Amino acid sequence: MIAGYLAFEDVTATIERGAATAPVTARKNPPTSRRPGGFLRSSSGKKAVMAVTGAVMVLFLVLHMLGNLKIFLGRDSFNEYAHALRTLLEPIAPYRTVLTILEVGLVVSVVLHMWAAISLARRAHQARPVKYVAKKSQANGYATHIMRFGGLTILLFLVWHLLDLTFGVVNPKGFDSAPADRMIAGFDPSRWWVTLIYVVAVVMVGLHLRHGIWSAFQTLGWANRTRNKALRPVAGLVSAVLVIGFLAPPLAITFGVVK
């Protein structure tokens, strides 16, 4: 009986060894269908959206700055510039059609830029639910605050800026006045607080832009140890030029240089 039991155990062990050493075929995963918008759901897609929309906004800022500087050439020059924007491609396109399309494109770029930034921030937070023991560097923390609160400040200022100089709702001259008159009245010395708000907002735009351009260089793979010394000044120079260009007209009006 013991011999039979031992024989049974030997057979069982042999079967178990055979099962353990048998080749295991990998289970193939069922093919997954690609969902629409898969690239945009990825971090690379969101970074690409931020880079493209950021480039659109930078181009708009450059053109807008050049237009604002027309005020130094006189009221007529500024009014002609504003009229030319509203009559682009006339009579092929009706009055203000092209400008409206450009404005809608700019709004879409701003919305997509904010969506991508918020999505990336949430994804980074979910990937690191536990905070690091070591504190972040002051530079990284500073940049994070600038991009987060600076973006909100810029958004609020953009709403005010449109109500003031575009639609004339909060402008002393109203909507029916000439663009140059609205601009000069908007930054009148008696409304120094408007100029102050404008200065703060434009400086925030510059800081936001400086960090954004540098991030775009990194996203595109242009930034490395050998190029950092050249690319960082480029980001700072572009931001400084835009800040100075946007601040020159309102400060000149507030201090009586342009009347």
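Remember, predicted model here, so these are calculated numbers, not experimental data. The chain is numbered in sequence order, starting from 1.
Here the closest heavy-atom approach between residue G45 and residue S42 is recorded as N-OG, 3.1 Å. Of all heavy-atom pairs between P179 and A82, the closest is CG-CB, 3.5 Å.
In this structure, the side chains of I184 and K259 stay at 4.5 Å or more apart for every pair of heavy atoms. R122 places none of its side-chain heavy atoms less than 4.5 Å from the side chain of S119. A 4.5 Å side-chain heavy-atom check between L242 and V205 finds every atom pair outside the cut-off.
Linking Ile, Leu, Val, Met, Phe, Trp and Tyr whenever their side-chain heavy atoms come within less than 4.5 Å puts I213 and V62 in one cluster. Clustering ILVMFWY residues whenever any of their side-chain heavy atoms sit less than 4.5 angstrom apart, transitively, puts L237 in a cluster other than the one holding L59. Note: the hydrophobic cluster containing L69 also contains I71 (ILVMFWY, side chain heavy atoms under 4.5 Å, direct or indirect links). Placement of L247 and L209 within a single hydrophobic cluster is found when ILVMFWY residues are connected by side-chain heavy-atom separations under 4.5 Å, directly or transitively. Note on L106: it does not cluster hydrophobically with L88, by side-chain heavy-atom contacts below 4.5 Å among ILVMFWY residues.
With sequence neighbours excluded, the residues satisfying side chain to side chain contact (heavy atoms under 4.5 Å, CB included) with A117 are M50. For V56, the side chain to side chain contact (heavy atoms under 4.5 Å, CB included) partners two or more places apart in sequence, or in a different chain, are S109. In terms of the side chain to side chain contact (heavy atoms under 4.5 Å, CB included) criterion, A84 has no residue partners (sequence neighbours excluded). By the side-chain hydrogen bond (donor to acceptor under 3.5 Å, both in side chains) test, T53 pairs with H113, sequence neighbours left out.
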For residues 157-167, which side-chain N or O atoms pair as donor and acceptor with protein atoms under 3.5 Å away, sequence neighbours left out?
unit_1 : atom_1 : unit_2 : atom_2 : d
D164   : OD1    : N171   : ND2    : 3.0

Could you give the side-chain donor-acceptor pairs of residues 91-102 under 3.5 Å, partners two or more places apart or in another chain?
unit_1 : atom_1 : unit_2 : atom_2 : d
R96    : NH1    : T100   : OG1    : 3.3
R96    : NH1    : E103   : OE1    : 3.0
R96    : NH2    : E103   : OE2    : 3.1
T97    : OG1    : P94    : O      : 2.9
T100   : OG1    : R96    : O      : 2.7

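Residue F72 qualifies as enclosed at atom CZ: its count of foreign heavy atoms under 6.0 Å is above 12.
Applying the 4.5 Å side-chain rule to ILVMFWY residues, one finds V111 in the same cluster as V107.
Between L251 atom CG and I244 atom CD1 the span is 11.0 Å, to the nearest 0.5 Å. How far CD1 of I253 is from CZ of R191: 11.0 Å, rounded to the nearest 0.5 Å. Between atom OH of residue Y81 and atom CG of residue L85 there is a gap of 4.5 Å, rounded to the nearest 0.5 Å. In this structure, N68 CG and L63 CG are separated by 11.0 Å, a value rounded to the nearest 0.5 Å.
Within the structure, side chain to side chain donor-acceptor pair (under 3.5 Å) contacts touching residues 69-80 (residues at least two apart or in different chains) are R75-D181. Residue pairs satisfying the side chain to side chain donor-acceptor pair (under 3.5 Å) criterion with at least one member in residues 55-65, sequence neighbours excluded, are absent. Counting only residues at least two apart or on different chains, the side chain to side chain donor-acceptor pair (under 3.5 Å) pairs with a member in residues 239-254 are T195-T254. Among residues at least two apart or in separate chains, ring pair (Phe, Tyr, Trp, His ring centres under 6.0 Å) pairs with a member in residues 173-192 are F187-Y198.
Put simply, the side chain of R182 gets close to the backbone of S177: a donor and an acceptor are under 3.5 Å apart.
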Stepwise, does the side-chain contact (heavy atoms from CB on, under 4.5 Å) test hold for V258 with M183?
-> CA-CA 11 Å; V258 175; M183 186 170 185; over 6 Å; no
